[in-house]
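Only one structure is covered here, and it is reproduced in the block below.
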Amino acid sequence: IGAGYSSTLIMDRLIELIDATPEDGSLYLSVFMFDYTPLVMALDRAGRRGVNIHVMVDMSHRSDNRNTVNALRNAMDNIEITEVRNDASSIAINHNRSCK
């Protein structure tokens, strides 16, 4: 893929794995940028199947995940969301964490 283009190959594979999670299973996911609609839809489908979902989401100043987090919390009862805020430096993201 050339400069200026992005691939959804990794996200598409992640969605396949989410869709393959059995209804009594659990998902654990850590996300920095959480606004990819097909991923959110896959989590919603999994939640509707009864999958227990645990998500750690970067909420530092370099990400804008609030709308997605609110939508998931409102749509699902079987989701646990841990908000992560960077406290290591102004440029660190979901690699250096402090959980709220």
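All values below come from the heavy atoms of this structure, side chains included, with hydrogens, waters and symmetry mates left out.
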Nearest-0.5 Å distance that lies between atom [atom1] in [X] and atom [atom2] in [Y]:
| X | Y | atom1 | atom2 | answer |
| --- | --- | --- | --- | --- |
| Leu14 | Leu27 | CG | CG | 8.5 Å |
| Leu17 | Asp12 | CG | CG | 11.0 Å |
| Ile15 | Tyr36 | CD1 | OH | 5.0 Å |
| Ser26 | Glu80 | OG | CD | 10.0 Å |

Can you confirm whether more than 12 heavy atoms, excluding those of Glu23, are under 6.0 Å from its CD atom?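 No.
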Can you confirm whether Glu83 sits close enough to Val69 that some side-chain heavy atom of one is under 4.5 Å from a side-chain heavy atom of the other?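 Yes, close enough: below the 4.5 Å cut-off.
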Could you check if a side-chain atom of Val57 sits within less than 4.5 angstrom of a side-chain atom of Val84, using non-hydrogen atoms only?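 Val57 does not reach Val84 side chain to side chain.
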For residues [X] and [Y], report the shortest heavy-atom separation together with the two atoms involved.
| X | Y | result |
| --- | --- | --- |
| Leu43 | Met76 | O-CE, 3.2 Å |
| Ser7 | Leu9 | OG-N, 3.1 Å |
| Asp19 | Ala42 | OD1-CB, 4.0 Å |
| Arg73 | Ile81 | NH2-O, 3.3 Å |

Is it the case that the side chain of Asn52 and the backbone of Asn78 share a donor-acceptor pair, with hydrogens and angles ignored and the cut-off at 3.5 Å?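 Not at all, since once roles are kept as given, no pair shorter than 3.5 Å links the two residues.
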Starting from the C-alpha separation in whole Å, work towards a yes-or-no answer on side-chain contact (heavy atoms from CB on, under 4.5 Å) for Val55 and Thr82. CA-CA 6 Å; Val55 181; Thr82 302; over 6 Å; no
Transitively linked via ILVMFWY side-chain contacts under 4.5 Å: Ile53 with Met11?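 Yes, same cluster.
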Keeping to residues at least two apart or across chains, list the salt bridge (Lys or Arg N to Asp or Glu O under 4.0 Å) pairs with something in residues 46-57.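 Output for this query lists Asp44-Arg48.
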